[in-house]
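Below, chain A is the first sequence line, B the second, and so on; all start at residue 1.
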Amino acid sequence: MASTRTLRRRIRSVKNTAQITKAMELVAASRMRRAQQNVLAARPFSQKVQEIIADLAEMQTDQSYRSISPLLQQRPVEHIGLVMVTADRGLAGSLNTNSIRRAVRFLADETNGKPVRIVAVGRKGRDFMTRAGREIVAEFTGIIDRPTLLDTLPISKLVIEDYIKGKYDSVYLLYTQFINTVTVRPQLIKLLPIEPPESQDAQTFASTDFIFEPGPLEVLESLLPRYVEVQIYQAILENIASEQSSRMVAMRNASDKAKELIGDLTLTYNKIRQSNITREILEIASGAVALAKQG
Amino acid sequence: MPLNLQIVTAERVVYNDEVDFVSAPGSDGSLGILPRHAPLLSTLKSGELHYRKGGDEVSLAIGGGFIEIVNNKVIVLADSAERSEEIDLSRAEEARNRAEQALNSRGALAPEELAMAEASLRRALARIDVAQRRKGGRGGVPRMSSDGR
């Protein structure tokens, strides 16, 4: 049986750990609130951009409109690009593991054996892909907690330029979608070439006497890069919110576990202490009795 | 019949309310929008957007984007949008000077750099205009604002 001294030491160390996890939980909780607000605040813009693109694409009666922008053109796929958004730091439960697992599944099953070039956003994904010996064309780490669209433009600019240059012929985007504080989900979507989303409502531009300035195709063309930018921006915001939520939940679990462990250890400690005392009293008592008999 | 005006940037919804009149810097010329405007979808260049609500007239500096008008709903998708009280005038002036300098060294610039310098000059000018129009010290704390692309 463990000695009381080692038990005491153990309890102290678990208490220290619990303090740290508690502190991390609180930090993550406050960051999470902000990150969640940011995600929700950013959604209307990307929704509206998607709606307009969907409606404009619906207006076109044949597929030839796709020739207005390379971002719409389907090319034979020689190289695939993967924009992989992960967190810079760990201690966020299964967040990074899950998205890396999703990436591995993608690389193994969904690429038809075509070579994949990776744009790593976030340290964890980059580290994994470097270890796996994958080709990384660019890496972006140290994304701040509250990025503006401007902060993420270098990423989208690189992706769009490389795509137009033919470095990859289709691009996928992997990130962790924020659903609510306890539910986050890795999400892999096709980014390029742009597949105009299905138009949601019947309000197509064609039905009314819509005025376009300069013209419908020009508006569509200038919206397309915006669409890519917004998708990447949104993905990063979702990932940040997911990271902070996962970390908060993970740290709360760790704190709870630590508290439980402290309880268990304290109980054992007290039992041992108690039995030690009992034993000592017995020893003293029987010693006294023995002495009395002699006397 | 009022107009519903929504100004949305990638980061947040800047404004969402009923107004009487909107004017926006359309790429093919300024747009004046009153209720019952014909449906329209246009690109915007950077400049000033005004709206009038009751007796109040408010102007914002916007940095390019899109505008859609359907059924008395005006939706502005802006790359950036700042109210006058959010604009830091000295920063905007600095930005203007930078952009002007860049334009003066015209010869040394690649075409896209020139375009970017021009765009940032337009943005800076719009900011300064809006900031100077600020009426009688109603201004809040100047906020750090993004500098355009």
Within a reach of under 6.0 Å around CZ of A:Arg34, are more than 12 heavy atoms found that belong to other residues, nucleotides or ligands?
yes
Please classify the contact of A:Val49 with chain B as side chain, backbone, both or neither, using a heavy-atom distance under 4.5 Å.
both
Could you measure the distance from the CD atom of A:Glu51 to the CG atom of B:Leu77? Nearest 0.5 Å is fine.
9.5 Å
Check whether more than 12 heavy atoms from other residues, nucleotides or ligands sit under 6.0 Å from atom NZ of A:Lys190, and answer yes or no.
yes
Side chains of A:Thr148 and B:Thr9, heavy atoms from C-beta outward: is any pair under 4.5 Å?
no
Nearest 0.5 angstrom please: A:Glu213 CD to B:Leu40 CG, how far?
5.5 Å
Would you name the heavy atoms of B:Val13 and A:Pro44 that are closest together and state the gap between them?
CG2-CG, 3.8 Å
Looking at CZ of A:Phe45 and CD of B:Gln6, how far apart are the two atoms once the value is rounded to the nearest 0.5 Å?
12.5 Å
In terms of heavy-atom proximity below 4.5 Å to chain B, should A:Leu223 be classed as side chain, backbone, both, or neither?
both
Out of B:Ala10, B:Ser42, B:Gly29, return the one with the most heavy atom pairs under 4.5 angstrom to chain A.
B:Ala10
With rounding to the nearest 0.5 angstrom, report the CG to CZ distance, B:Asp79 to A:Arg226.
4.0 Å
Atom CG of residue position A:Asn180 - does it have more than 12 heavy atoms of other residues, nucleotides or ligands inside 6.0 Å?
yes
Do B:Arg12 and A:Gln37 touch side chain to side chain, with heavy atoms closer than 4.5 Å?
no
Proximity breakdown for B:Thr43 and chain A, heavy-atom pairs closer than 4.5 Å:
both
Under the criterion side-chain contact (heavy atoms from CB on, under 4.5 Å), I'd like the reasoning laid out for A:Lys48 against B:Ile75: C-alpha separation, chi angles, the key distance, then a yes or no.
CA-CA 9 Å; A:Lys48 196 63 210 170; B:Ile75 298 172; 3.5 Å; yes
List the residues meeting ring pair (Phe, Tyr, Trp, His ring centres under 6.0 Å) with A:Tyr172, not counting sequence neighbours, and say none if there are none.
A:Phe106
Rounded to the nearest 0.5 angstrom, the CG-CD1 distance for B:Leu41 and A:Ile211 is 10.5 Å
Given the options A:Ser46, A:Ala42, A:Pro147, which has more heavy-atom pairs under 4.5 Å with chain B than any of the others?
A:Ala42
Those residues at least two apart in sequence (or on a different chain) that pass ring pair (Phe, Tyr, Trp, His ring centres under 6.0 Å) with B:Tyr51 are B:Tyr15
CZ of A:Arg75: more than 12 outside heavy atoms within 6.0 angstrom?
yes
Roughly how far, to the nearest 0.5 Å, is OH of A:Tyr233 from CD of B:Glu11?
4.0 Å
